[in-house]
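The structure under discussion appears below in the form of structure tokens.
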Amino acid sequence: MKSTMTSREFNHDASRAKRAARQGPVIITERGKPSHVLLSYEEYEKLRHSKDGQNIIELLADTDASEVEFEPQAPSSLVKDVDLD
């Protein structure tokens, strides 16, 4: 489960944010935009170590990444119909 809170809410009630992070990532926003993610230490450790032994830093630095096929899709929320009449 993912939850969101503003940086102001986080500053006023960090305990609530930590409790929420036990259930899943907490996205902290600044001026309506995501700026940080709070995770439990257990979830952080899971992300740090992949199943094949590489850590997240090694995976992000992988020079073979250019060989991965990737075709991004436009988010449907950004696509608007155009009325040409």
Side-chain angles (χ1 to χ4, degrees):
M1 178 180 166
K2 177 173 61 173
S3 61
T4 302
M5 67 185 341
T6 66
S7 59
R8 183 183 184 106
E9 291 171 324
F10 176 78
N11 289 332
H12 287 290
D13 199 352
S15 294
R16 182 171 67 97
K18 290 192 291 185
R19 283 191 304 273
R22 290 185 202 126
Q23 305 302 314
V26 177
I27 298 170
I28 302 169
T29 63
E30 289 184 16
R31 295 182 176 89
K33 295 181 181 179
S35 62
H36 294 80
V37 177
L38 180 66
L39 301 169
S40 67
Y41 187 74
E42 180 182 345
E43 286 302 311
Y44 167 74
E45 283 296 311
K46 285 179 188 176
L47 288 174
R48 257 188 73 207
H49 301 284
S50 70
K51 293 180 194 269
D52 64 359
Q54 286 184 303
N55 68 38
I56 194 167
I57 303 300
E58 292 167 337
L59 292 170
L60 291 171
D62 187 356
T63 56
D64 293 330
S66 62
E67 297 176 17
V68 175
E69 290 185 35
F70 176 68
E71 293 183 33
Q73 301 289 321
S76 59
S77 62
L78 298 177
V79 177
K80 297 180 182 179
D81 292 331
V82 176
D83 185 7
L84 299 176
D85 293 326

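From a predicted model like this one, the values you see are computed outputs, not experimental measurements.
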Looking only at heavy atoms, the pair that brings Ile28 and Ser7 closest together is CG2-CA, 3.7 Å
Looking at every non-hydrogen atom in both residues, tell me the closest pair between Val26 and Ala17 and how far apart they are. CG2-O, 3.7 Å
Spell out, as yes or no, whether a donor-acceptor pair under 3.5 Å connects the side chain of Glu9 to the backbone of Thr6. yes
Arg16 CZ: over 12 foreign heavy atoms closer than 6.0 Å: yes
Working to the nearest 0.5 angstrom, can you tell me the gap between Ile27 CD1 and Leu38 CG? 11.0 Å
Residues Glu42, Arg22; criterion side-chain contact (heavy atoms from CB on, under 4.5 Å); working and verdict: CA-CA 9 Å; Glu42 180 182 345; Arg22 290 185 202 126; over 6 Å; no
Nearest heavy-atom neighbours spanning Ser3 and Ala20: OG-CB, 3.8 Å
